[in-house]
Amino acid sequence: MLEIQRLRSHKEEVLAGLSKRNINATNTINELLEMDALWRENKTQLENISAELNQLSRKIGDCFKNNQAQEAQQLKNETQELKVQEAALKTHVDELDSKITTILYSLPNVPHVDVIQGRLPEDNQLIESQGELPTFSFTAIPHWDLAKKHQLIDFELGVKVTGAGFPFYRGKGAKLQRALIAFFLDEADKAGYEEFIAPLLVNEASGIGTGQLPDKEGQMYYAPEDELYLIPTAEVPLTNIYRDVLLPNEDFSIKLTGYTPCFRREAGSYGKDVRGLNRLHQFDKVEIVRIEHPKNSEKALNEMVSHVRDLLIKLELPFRILRLCGGDMGHASAMTFDFEVFSAAQEKWLEVSSVSRFDTFQSNRLKLRFKDAQKKSQLCHTLNGSALALPRILAAILENNQTPDGITIPKVLQAYTGFDRIT
RNA sequence: GGUGGGAUGGGUGAGUGGCUGAAACCAACAGUUUGCUAAACUGUCGUACGGGUAACUGUACCGCGAGUUCGAAUCUCGCUCCCACCGCCA
């Protein structure tokens, strides 16, 4: 959620930023600021009336103590009119408040100055391309056929037990999955991230804190009986550890990681993009989360990008890094780098990680602050990234490392899997 | 699921209608003393929002929401969460 103070003082800058998302928010923000001015005016009035009432009440108390019952009664009568006014103003102020909040929730984050305007994935900026695209002397087999051939993943069984998008991993497929998780967690640990095993269901306040609610309500699975949401990413429980937290000084750098399954309804997706492991309702991911002083978030973002980059290099997967254009970024993000690996049989790039800085957008909702040197509260910056999401990594490993007589396991994983080939 | 108890500032904890935004103690921070550390002493020590260039000032907040009252941390109702014991159970 954008800070109202920022809209008051830097309206033009915000509008210019939002235009990179192809949003013209001029009218919305003007309307918002008008309401805000009215809100402040009414709030001042309301507080004046409350102050007057408080004073009268004190006087009444004194009168009773001094046995001046008659005067007390007179003062009581005076409060009647004020109480009516107070109630009316209160209703009005509350209404304005909730309207303002609704609009603030609906506005996306302002893109960082380095983010370019754009609409489509094609407008994203290519930052780096790494690794050789594999070539084969035979026709490469897509991962869903490889998975079937080697009995690594059973999609049909998933359909039987749950539904489409909930595969079973089995045998060496399951072991490979476990190896990837352990590898990613170990690397995060080496980079100084504290590991958490987090709850997979969260309450409404947590959903609001990280921005899934109310913006993306339909994307989460929901258990109405207990009013809990299944997490779409570990970002939600990990970041919400710091909801309503006021850090005591400026000297902090919080680095968290966790492996969790992620649950996404993916309402509306269909077709070729959802084939095999490309898009699932349940998938595994190791997430990294950082909470930083505003002056450090740039550095933190770079570190996270280089961390993910290292993972892909170690896995020997060809990848590219894109900086998303304004139109392709998520609602809460100020800047996002997407990592895509090349999938040799599908002959396309698959998104495997998204690393974003949110600046104060999440912390404003979370009420995550720190005390600066002047003892004033300031909002922290939050960042997060996938390091990494498993299914498409698995797909790329299977496809890129296939040979006529089996699949080679990347060296770095062999210590984790206990085997070097799948035959 | 049953029974009982509870929720107050960073912590412990006092507070049953006005003198309480909240005692006391601990922790923390600043200073004095000291060769350093410790101890002692003095002072500071909640958050949010509004108004104000500022000093400052107003309002709200004692789990959450509503109600009674001129006035609520304190009384009433609803809810949530926590703890203990019992039951069930990985």
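Proteins get letters first, then strands, A, B, ... in listed order; numbering begins at 1 in each.
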Handout entry: CA sep, side-chain torsions, deciding dist, call: A:Glu47, A:Lys43, salt bridge (Lys or Arg N to Asp or Glu O under 4.0 Å)
Key = CA-CA 6 Å; A:Glu47 290 183 352; A:Lys43 189 170 162 80; 3.5 Å; yes
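- Rounded to the nearest Å, the gap between the P atom of B:rU3 and that of B:rA22 is 41 Å.
- In this view, A:Arg323 satisfies the salt bridge (charged side-chain N to carboxylate O under 4.0 Å, His left out) rule with no residue, not counting sequence neighbours.
- Each of A:Lys59 and A:Leu46 has a nearest nucleotide on RNA chain B; the 5'-most of these lies closest to A:Lys59.
- Contacts of A:Lys148 classified as salt bridge (charged side-chain N to carboxylate O under 4.0 Å, His left out), with partners at least two apart in sequence or in another chain: A:Glu156.
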Donor-acceptor pairs under 3.5 angstrom involving side-chain atoms of residues 106-117 of chain A: please list them, not counting sequence neighbours.
{"unit_1": "A:Ser106", "atom_1": "OG", "unit_2": "A:Ile103", "atom_2": "O", "d": "2.7"}
{"unit_1": "A:Asn109", "atom_1": "ND2", "unit_2": "A:Ala332", "atom_2": "O", "d": "2.9"}
{"unit_1": "A:Asn109", "atom_1": "ND2", "unit_2": "A:Phe358", "atom_2": "O", "d": "3.1"}
{"unit_1": "A:His112", "atom_1": "ND1", "unit_2": "A:Asp114", "atom_2": "N", "d": "3.0"}
{"unit_1": "A:Gln117", "atom_1": "NE2", "unit_2": "A:Asn22", "atom_2": "OD1", "d": "2.3"}

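- Taking atom CZ of A:Phe370 as the reference point, atom C1' of B:rG46 lies 19 Å away to the nearest angstrom.
- A:Leu228 has its CG atom 13 Å from the P atom of B:rU80, to the nearest Å.
- Nucleotides B:rG67 and B:rG9 place their P atoms 25 Å apart, quoted to the nearest Å.
- Here the P atom of nucleotide B:rC81 and the CD atom of A:Glu204 are 13 Å apart, to the nearest Å.
- Residue pairs meeting the ring pair (Phe, Tyr, Trp, His ring centres under 6.0 Å) criterion with at least one member in residues 285-316 of chain A, sequence neighbours excluded, are A:Tyr193-A:His307, A:His293-A:Phe370.
- In the region residues 236-252 of chain A, proximity to RNA chain B at under 4.0 angstrom, judged on heavy atoms, holds for A:Leu246.
- Taking the P atom of each, B:rC70 and B:rG15 are spaced 29 Å apart, rounded to whole Å.
- Nucleotides B:rC77 and B:rU68 are separated by 11 Å at their C1' atoms, to the nearest Å.
- Straight-line distance between the C1' atoms of B:rA73 and B:rG46: roughly 15 Å, to the nearest whole Å.
- Base pairing of B:rC88: no nucleotide in any strand meets the Watson-Crick or G-U wobble criterion (both distances under 3.5 Å).
- Taking atom CG on A:Asn48 and atom C1' on B:rA60, their separation rounds to 14 Å, with Å as the unit.
- At least one side-chain nitrogen or oxygen of A:Asn54 sits closer than 4.0 Å to the OP1 or OP2 atom of B:rU59.
- Taking atom CG of A:Asn203 as the reference point, atom C1' of B:rC64 lies 14 Å away to the nearest angstrom.
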Compile the donor-acceptor pairs under 3.5 Å between side chains in residues 175-192 of chain A and protein atoms, sequence neighbours left out, one pair per line.
{"unit_1": "A:Gln177", "atom_1": "NE2", "unit_2": "A:Asp284", "atom_2": "OD2", "d": "3.0"}
{"unit_1": "A:Asp186", "atom_1": "OD2", "unit_2": "A:Tyr416", "atom_2": "OH", "d": "2.6"}
{"unit_1": "A:Glu187", "atom_1": "OE1", "unit_2": "A:Lys314", "atom_2": "NZ", "d": "2.8"}
{"unit_1": "A:Glu187", "atom_1": "OE2", "unit_2": "A:Lys190", "atom_2": "NZ", "d": "3.1"}

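- The side-chain contact (heavy atoms from CB on, under 4.5 Å) test applied to A:Ala300 returns A:Arg290, A:Glu292, A:Leu383, not counting sequence neighbours.
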Fill in the blank from the handout: Once base and sugar-phosphate atoms are separated, protein heavy atoms under 4.0 Å mark nucleotides 66-74 of chain B, 5' to 3', with B, S and - as ----BS---
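- One C1' atom belongs to B:rU74, the other to B:rG2, and the distance between them is 31 Å to the nearest Å.
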Practice task
Report the C-alpha separation of A:Glu340 and A:Arg392 in whole Å, then their side-chain angles, then the decisive distance to 0.1 Å, and conclude whether the salt bridge (Lys or Arg N to Asp or Glu O under 4.0 Å) test is met.
Solution key: CA-CA 9 Å; A:Glu340 300 182 338; A:Arg392 294 176 194 156; over 6 Å; no
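- In this structure, B:rA40 forms a base pair with B:rU32, meeting either the Watson-Crick or the G-U wobble geometry with both donor-acceptor distances under 3.5 Å.
- Per the geometry, CG belonging to A:Asn364 stands 13 Å off C1' belonging to B:rC49, to the nearest Å.
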Using distance only, find each side-chain donor-acceptor pair of residues 199-212 of chain A under 3.5 Å and give its atom names and separation, not counting sequence neighbours.
{"unit_1": "A:Asn203", "atom_1": "OD1", "unit_2": "A:Ala205", "atom_2": "N", "d": "3.4"}
{"unit_1": "A:Asn203", "atom_1": "OD1", "unit_2": "A:Ser206", "atom_2": "N", "d": "3.0"}
{"unit_1": "A:Asn203", "atom_1": "OD1", "unit_2": "A:Ser206", "atom_2": "OG", "d": "3.1"}
{"unit_1": "A:Ser206", "atom_1": "OG", "unit_2": "A:Arg243", "atom_2": "NH2", "d": "2.9"}
{"unit_1": "A:Thr210", "atom_1": "OG1", "unit_2": "A:Ser206", "atom_2": "O", "d": "3.1"}
{"unit_1": "A:Thr210", "atom_1": "OG1", "unit_2": "A:Gln212", "atom_2": "OE1", "d": "2.8"}
{"unit_1": "A:Thr210", "atom_1": "OG1", "unit_2": "A:Asn240", "atom_2": "ND2", "d": "3.4"}

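- With both ends at atom P, the span from B:rA14 to B:rA7 equals 9 Å, rounded to whole Å.
- For residues 198-239 of chain A, the ring pair (Phe, Tyr, Trp, His ring centres under 6.0 Å) pairs, not counting sequence neighbours, are A:Tyr222-A:Tyr229.
- Here A:Ser57 contributes atom OG and A:Glu52 contributes atom CD; the two are 11.0 Å apart, rounded to the nearest 0.5 Å.
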Please tabulate the protein-to-nucleotide N/O contacts below 3.5 Å involving nucleotides 50-57 of chain B, giving atom names and distances.
{"unit_1": "B:rG50", "atom_1": "OP1", "unit_2": "A:Arg8", "atom_2": "NH1", "d": "3.0"}
{"unit_1": "B:rG50", "atom_1": "OP1", "unit_2": "A:Arg8", "atom_2": "NH2", "d": "3.1"}
{"unit_1": "B:rG50", "atom_1": "O2'", "unit_2": "A:Thr44", "atom_2": "OG1", "d": "2.9"}
{"unit_1": "B:rG51", "atom_1": "OP1", "unit_2": "A:Arg40", "atom_2": "NH1", "d": "3.1"}

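- The distance between atom CG of A:Leu96 and atom P of B:rC49, rounded to the nearest whole Å, is 18 Å.
- Considering every non-hydrogen atom in both A:His143 and A:Ala395, the closest pair reads ND1-CB, 3.4 Å.
- When Watson-Crick and G-U wobble pairs are counted only if both distances are under 3.5 Å, B:rC49 pairs with B:rG58.
- In this structure, B:rU20 makes no Watson-Crick or G-U wobble pair, since no nucleotide meets both defining distances under 3.5 angstrom.
- Both distances falling under 3.5 Å, in either a Watson-Crick or a G-U wobble arrangement, occur for no nucleotide opposite B:rG9.
- Across the protein-nucleic acid pair, A:Leu82 atom CG and B:rU59 atom P stand 14 Å apart, rounded to whole Å.
- Partners of A:Ala72 according to the side-chain contact (heavy atoms from CB on, under 4.5 Å) rule, which considers only residues two or more places apart in sequence or in another chain, are A:Ile60, A:Cys63, A:Phe64.
- Rounded to a whole angstrom, the distance from the P atom of B:rC79 to that of B:rG4 is 16 Å.
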